[in-house]
Protein chains: 2
Amino acid sequence: MAARRTPSTRATINDVAARAGVSRGTVSRVLNSEVYVSEAARTAVEAAIHEVGYVRNAAARNLVTRRSQAVGLIVHEPHSLFLEDPNIGSILLGINSALSEADYQLVSLVIDSDRDIARVAEYLTGGFVDGVVIISARAGDPIGHVIAESGIPAAFVGHPIDIEGIPYVGIDNRSAARAITERLMATGRRRIGMIAAGLDRDSGQDRLAGFTEALGDRFDAELVVEVPLYSYGSGVDGMRVLLETRPDLDGVFAASDALAAGALDVLREAGRSVPADVGLVGFDDSAWAVRTQPPLSTVHQPAGALGRRAAELVLAQLRGEDVGLGGTFLDTAIVWRASA
Amino acid sequence: MAARRTPSTRATINDVAARAGVSRGTVSRVLNSEVYVSEAARTAVEAAIHEVGYVRNAAARNLVTRRSQAVGLIVHEPHSLFLEDPNIGSILLGINSALSEADYQLVSLVIDSDRDIARVAEYLTGGFVDGVVIISARAGDPIGHVIAESGIPAAFVGHPIDIEGIPYVGIDNRSAARAITERLMATGRRRIGMIAAGLDRDSGQDRLAGFTEALGDRFDAELVVEVPLYSYGSGVDGMRVLLETRPDLDGVFAASDALAAGALDVLREAGRSVPADVGLVGFDDSAWAVRTQPPLSTVHQPAGALGRRAAELVLAQLRGEDVGLGGTFLDTAIVWRASA
DNA sequence: GCGACTTCTGTGAACGCTCCCAGTTCGGGC
DNA sequence: GCCCGAACTGGGAGCGTTCACAGAAGTCGC
């Protein structure tokens, strides 16, 4: 019985069995709370587990069950955006609570460099997780393709442009953008500009399309400026450009609250009063929106619900249900504050 | 050879071996890039891997190697704080980059409800991770104790009050608070208040202690207000209380930038000009600091470096090195902006 | 008193890897 | 021609579980 390799100090199911005077099988039955275990055996096993300090070896279990009871969340954001995007936290908590209720463990994997991509792909396909939720994937994202090919149950939050075969949840960006632009027009604004971002994703394109639609004949391409990120800094840059090309504008739709916050500071610097001279609206209803002066009118995005729904899509697939491949769109609401 | 159970569609190392016309052992050697593999065998195996679409089963590997090449990050924050704390993102990226370089996978586990605690504990002790970094643990945190007892290599970011035996990295909150308070005094302020938070952790207590120390004889307990969270909302509440009890104050040290941002809005509402009437300083040098009007003078916290250092402490333990049990303190710097 | 259940238990056989030992082959050096 | 070490390969054993099956013991109705 002498151990030939490392003595392996950890207690195994056999140690528990020996201590409790029963067999492996019975211990396993107790561990998995199956029926057909006598009360005496159960208590003896439970005591033994406590005495030898046993904890189940996950690797051995996963090997035979082919499941890990874990679901991955892939966050693939450039540095700055990840730090700023206020929705990610809410989405994450929504996912976590849905998984938690189903007794699945959420494990978040961040991709921050090219090195990370291969490692994460291996982690996912290697069986560490049973399913995966991907947020903010973008066109050409290699991880998305790895997942699509591997056939692991998955769901996107937000629709990636070029990956088919995976369900997703999102909001109807186009309608929301159209609605808030219309409301802005209804306040009497006539020369409305837009700071657009994220045009490499559906979400960004749809916000722009909704804006265009709302303006109809009045649309003027000169009043749209495209910036690279949904960030405060991009908002500053975008607003400067807009003010320079069209100093006569009287309304601005920023594609995110962070952009709007940046735009607001530029307007203030330029001596334009908001909302008296220029009406300004954002998108997201993030923490930003209530902290600017004046607070922002914006589109409320149900971030927590988005996460929860995506997690539920993965769980349903794990139960073997057919969830279809289309998108699920959750409702947005316009929040009218003082900035427009 | 007929499979008796589920057909198990996935290719195994045996399939690869058969295809390449070599043995399991040789395939394994190629997989782990060991020496003593002939060029012919290597190319044959690589081709076979590609042909059968083989990916290594992590569970089987972990079972025999007793390692997972993964390190956990435990985030245990109440809802609101988690969403607001701007440092968490930077810490996370710091940890990730250090682990990534050492070819370890970071998996983040969030604890958001009591249900989560037991599951996360099982996940950690079950062998899913080789080590763990804990951020923002607080007194009595059960996860901290589970980790301490299990003996799994770990490191804290920020010092927990009641857990010994685990190394940690942090900043010298007391010195930093003293320094910024002194700078505030040097601008001629005489009645300086403080909005204190997080007094259930060392960090919060130390910031208060540093403030008290700097004031010396001039310290006046009436000028300190304690709030529950490091949040914008708490800053609003705290500042209202301070203004009511001591309308004559001319300086405020807020224990975080978020608190300071809340305080700033209250001061503005009350018609006090910052910095003319009241000098205001924060703590963290977060995204908040540069976006208030005026931008905040504050203490720069090296969040990314904190994360990186904590990860390195775990990696060192994984290599079998002795890292000691004390704390590592990284330097802070005062950033002087317009608010004081 | 016997068969048919129900309840409970033990054990062999995987799961898919890595590790290690025992070969086998090959090329020099004497 | 022989020996020896280096280079390479195959395969048995084992990691710690779960699963399926066989069987033991107890209960019940007739």
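Chain naming here is simple, since letters A, B, ... match the order of the sequence lines and numbering starts at 1 in each. All values derive from a computational prediction rather than experimental measurement.
With sequence neighbours excluded, the residues forming a ring pair (Phe, Tyr, Trp, His ring centres under 6.0 Å) with A:Tyr123 are A:Phe128, listed by chain and number. B:Asp130 is linked by a salt bridge (charged side-chain N to carboxylate O under 4.0 Å, His left out) to nothing, counting only residues two or more places apart in sequence or in another chain. Annotation: side chain to side chain contact (heavy atoms under 4.5 Å, CB included) contacts of B:Ser150 (sequence neighbours excluded): B:Thr125, B:Ile152.
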side-chain hydrogen bond (donor to acceptor under 3.5 Å, both in side chains) between B:Arg309 and B:Thr328, worked out
CA-CA 9 Å; B:Arg309 193 59 163 270; B:Thr328 307; 4.9 Å; no
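Atom P of nucleotide D:dT17 and atom CG of B:Leu63 are separated by 9 Å, given to the nearest angstrom. Regarding A:Arg61, its CZ atom lies at a distance of 9 Å from the C1' atom of D:dT17, rounded to whole Å. If you take CG of B:Asn14 and C1' of C:dT18, they are 13 Å apart, rounded to a whole angstrom. Rounded to an integer number of Å, the gap from B:Asn62 CG to D:dC15 C1' is 11 Å.
Across all non-hydrogen atoms, the minimal contact from B:Ala17 to B:Arg24 is CB-N, 3.8 Å. Taking all atoms of both residues into account, the shortest heavy-atom contact from B:Ala310 to B:Ala155 is O-CB, 3.7 Å.
Over its full length, the helix from C:dG1-D:dC30 to C:dC30-D:dG1 turns its helical axis through 50°, comparing axes from the five pairs at each end and rounding to 10°.
When the options A:Leu73, A:Leu306, A:Val71 are evaluated for a side chain to side chain contact (heavy atoms under 4.5 Å, CB included) with A:Ile95, the one that passes is A:Leu73.
Between A:Arg67 and B:Ala41, the residue whose closest nucleotide on DNA chain D is further toward the 5' end is B:Ala41.
Set against D:dG16, C:dG16, C:dT18, the side chain of B:Arg66 has D:dG16 as its closest nucleotide. Of the candidates D:dT17, C:dG16, C:dT18, D:dT17 carries the atom nearest the A:Asn57 side chain, counting heavy atoms from C-beta on.
For DNA chain C, the neighbouring residues in residues 20-39 of chain A, judged by any heavy atom under 4.0 Å, are A:Val22, A:Ser23, A:Arg24, A:Gly25, A:Thr26, A:Arg29, A:Tyr36, A:Val37, A:Ser38.
Pairs of residues two or more places apart, or lying in two chains, that qualify as salt bridge (charged side-chain N to carboxylate O under 4.0 Å, His left out) and include a residue from residues 13-22 of chain A are A:Arg19-A:Glu51.
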